Amino acid sequence: MNKKLLGMVAAVSVMFYASSVKAMAIPSHSIVIGNKAYSIDYIVKPANYGEINSAIMDASNIYYVVNSSTVKDLFFNTYVSTDLIDSIPTITYKDGDGEVYTATSGSSTLQPVANPFMSTAKVEIGSSFNLIKKITVTNTTVPDAKYFTVDGGYIRSVGTPIQTTISGSSVNVYFYSDSAGTNLVATGKLDVSSPSGAVDRPISNLSYAMGNSSGNINNMGLVAGDDDNQWIYYRGTAGDLYKVKTDGVDRTQLTTGHDAKDINVVGNEVYYVHTTAATKTVPASTSVYRMNVDGSDAQPIVSGGKQVGTMGNLVFASANQLDDVIVAGDWIYYINHTDGSLNRVNVNGYGNVTISTDKYTDINIVKNNIYAINMSQGGKIYKIDINGFAASKVSDVQARHLNVTDNWIYYRNYSDNEKLYRMSIDGIENDKLCDDMAYNINVCGDTVYYKNGSDGNKLYKIGADGTGGQQVLTPVAKTLGNKLSNDVVEYINVVDPTVYYTPLSMTPLTSIVKDGSNKTTLK
């Protein structure tokens, strides 16, 4: 990205953080490049630098929207009239999450493009004291988000104001499906500076309350962090579930005799999958358990079906194991191991439905869509609407080990000797990141971690945009990743800044800081 532009953006964003502009509804803290506009939160993500650079090359103007009355021309470093923006007939705007909207001249609201995943709110002075503000979520398309609260506020239904004391320029917004605040559905962030009264402003960084990252779940979900980054929940050496503080103290065993995987933590609840082994008289069974974060009240809430046969006095079973189990909002998504079908069930155990009978692997949930590999269609990448279940192909590339984050799809390119690639979420851009044979990919922040099949399955990493690797010029030019450990690894889980990995047996877990230091074995 143009470093001079990024520096100017950073400078002005420190100076100003104000309300939405009335001209064409482009929010404050945005950059207008030609007829495209971007939230600063979107621009500063390294994964988006290529897109921003391309927009700059095609543009004759770059403006920084400060507030409803202040716009700065970044080419000439001068303040200009808001009329310059209002004179552009239509602007395409991307928020911090990559959601796309259109702003039309003369309109005071953004119009979401198809399949929106958005929420808006009004911010007003709650009393004569500026610290007391009234916040009302006016609209949301997030499924099951019927109630909300903000930092320090009470839970209210959508459309009902919350009045509370807020000292900063932004506040966290939490959405629930119930008035008691038991089931957390989604979270976001709201700019509360310069109250705007009747003007709606977007809630940024809006996403489902995820129980774990898709990168971890697709690596057996052996480790999960809590919402406050205070505790790590992990599978111990014997398979039971443990928790320990991020500083390594207060290690606590939560289960006994359970074989925990696909660990999810949402609010005050922990979800995990436990499979009982078959005996001579009892078939195997697989269940998703839910319990409190202190280990109490562990209960199975959904179980896989099973097929039972007999041979003499031996009962054998093929349990319908539940793979890739991930909690998103009010729902648990999973793959039926027996037939590969994609399914979901409510977090309370009811409403179990099959989303698709095609055989899928590697579930990733992004806003209103599920991204996964459709094995019934030759291992192609597919997108499935989370509400209507309509499926569409993203790319004809044959992929494995899918990991979707920050509007990019990271994957092992089965068609190119297992090399590490990334593709834009619309399937248009497709680039090789390195020439290593990359397995069990896990993307966290600005780094891709993977098992390097080109080097005996050792732990490697490279930048999310392919930078920071090793350049090898002979016998042919190649980009290779950087080795983090000489250990042979199988599954890779990450809770920033710590990387956790296992041998094939899944135990014991070993942790290492992302710079390769402080290697520790977890018991």
Side-chain angles (χ1 to χ4, degrees), residues 1-3 6 43-54 56-57 213-215 218-219 362 364 371 373 379 381 394-494 496-497 499 501 512-517:
M1 182 180 178
N2 186 302
K3 293 184 178 179
L6 186 57
I43 283 181
V44 299
K45 292 179 179 178
N48 302 325
Y49 285 178
E51 176 185 353
I52 302 304
N53 268 325
S54 178
I56 292 173
M57 296 296 292
S213 69
S214 295
N218 293 333
N219 276 272
D362 296 350
N364 289 254
Y371 291 82
I373 296 173
I381 302 171
V394 176
S395 172
D396 280 316
V397 172
Q398 289 184 299
R400 299 290 189 276
H401 296 151
L402 201 69
N403 203 175
V404 184
T405 181
D406 281 341
N407 296 299
W408 290 96
I409 300 171
Y410 296 82
Y411 68 98
R412 171 167 61 95
N413 193 330
Y414 194 73
S415 305
D416 187 18
N417 198 30
E418 324 290 355
K419 305 293 178 59
L420 176 63
Y421 274 67
R422 79 168 183 178
M423 177 189 300
S424 59
I425 207 165
D426 56 11
I428 296 175
E429 294 185 47
N430 189 37
D431 302 303
K432 181 168 64 176
L433 297 185
C434 76
D435 291 279
D436 292 328
M437 296 174 66
Y439 299 86
N440 292 6
I441 296 164
N442 198 332
V443 185
C444 183
D446 59 359
T447 306
V448 184
Y449 302 91
Y450 58 95
K451 180 177 71 174
N452 188 351
S454 304
D455 185 24
N457 294 332
K458 308 294 178 58
L459 178 63
Y460 271 66
K461 72 173 183 178
I462 196 168
D465 59 355
T467 59
Q470 309 170 59
Q471 302 300 314
V472 179
L473 300 180
T474 56
V476 294
K478 292 182 178 180
T479 299
L480 306 177
N482 295 302
K483 187 185 296 185
L484 268 180
S485 173
N486 273 314
D487 292 342
V488 176
V489 304
E490 181 63 18
Y491 302 110
I492 303 166
N493 284 234
V494 188
D496 199 38
V499 183
Y501 60 89
I512 192 170
V513 179
K514 62 183 180 181
D515 64 3
S517 64

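Only this structure's heavy atoms are used, side chains among them; waters, hydrogens and symmetry mates stay out. Quick caveat: nothing in here was measured; it's all calculated off a predicted structure.
Nearest heavy atom pair, residue Arg412 against residue Ile441, reads N-CD1, 3.5 Å. Nearest heavy atoms, Val394 versus Ile425: CG1-O, 4.0 Å. When every heavy atom of Lys458 is checked against every heavy atom of Asp455, the shortest pair comes out as CG-O, 2.8 Å. The minimum heavy-atom distance linking Glu490 with Asn219 is given by the pair O-OD1, 4.3 Å. In this structure, Tyr410 and Ala464 approach most closely via the heavy-atom pair OH-O, 3.0 Å. The heavy-atom pair separating Asp435 from Lys419 by the smallest distance is O-CD, 2.9 Å.
Judged purely by atom type and a 3.5 angstrom limit, Asp426 uses its side chain to pair as donor or acceptor with the backbone of Ile428. Judged by distance alone, the side chain of Asn364 and the main-chain N or O of Val404 form a donor-acceptor pair under 3.5 Å. Formation of a donor-acceptor pair under 3.5 Å by the Asp515 side chain with backbone atoms of Ser517 is found in this model. Judged by distance alone, the side chain of Glu429 and the main-chain N or O of Met423 form no donor-acceptor pair under 3.5 Å. The main-chain N or O of Lys514 is found under 3.5 Å from a side-chain atom of Lys461 such that the two form a donor-acceptor pair. In this structure a side-chain-to-backbone donor-acceptor pair under 3.5 Å is present from Asn482 to Gly468. Checked by atom type and distance alone, the side chain of Asn218 pairs as donor or acceptor with a backbone atom of Leu402 at under 3.5 Å. Using modelled atom types, no side-chain atom of Arg400 and backbone atom of Tyr414 make a donor-acceptor pair closer than 3.5 Å. Checked by atom type and distance alone, the side chain of Ser454 pairs as donor or acceptor with a backbone atom of Met437 at under 3.5 Å.
Put simply, CD1 on Ile373 and CD1 on Ile381 are 6.5 Å apart, with the number rounded to the nearest 0.5 Å. Between the CG atom in Asn457 and the CG atom in Asp487 there is a gap of 12.0 Å [rounded to 0.5 Å]. Here OG of Ser485 is found 10.0 Å from CD1 of Ile492. Values are rounded to the nearest 0.5 Å. In this structure, OH on Tyr449 lies 12.5 Å from CG on Asn493, to the nearest 0.5 angstrom. Interatomic distance, CG of Asn452 versus SG of Cys434, reported as 7.0 Å (0.5 Å rounding). Between the CG atom of Asn442 and the OG atom of Ser214 there is a distance of 9.5 Å, given to the nearest 0.5 Å.
Here the side chains of Ile409 and Arg422 are not in contact, with every heavy-atom distance at 4.5 Å or above. Side-chain contact between Asp465 and Trp408 is absent, with no heavy-atom pair separated by less than 4.5 Å.
At a cut-off of 3.5 Å, with distance as the only test, a side-chain donor of Thr479 or Gln471 sits close to an acceptor on the other residue. No side-chain donor from either of Tyr460 and Asp436 sits under 3.5 Å from a side-chain acceptor of the other. Using modelled atom types and a 3.5 Å distance limit, the side chains of His401 and Asn440 yield a donor-acceptor pair.
The ring-ring contact (aromatic ring centres under 6.0 Å, His included) search around Tyr421 returns Tyr411, not counting sequence neighbours.
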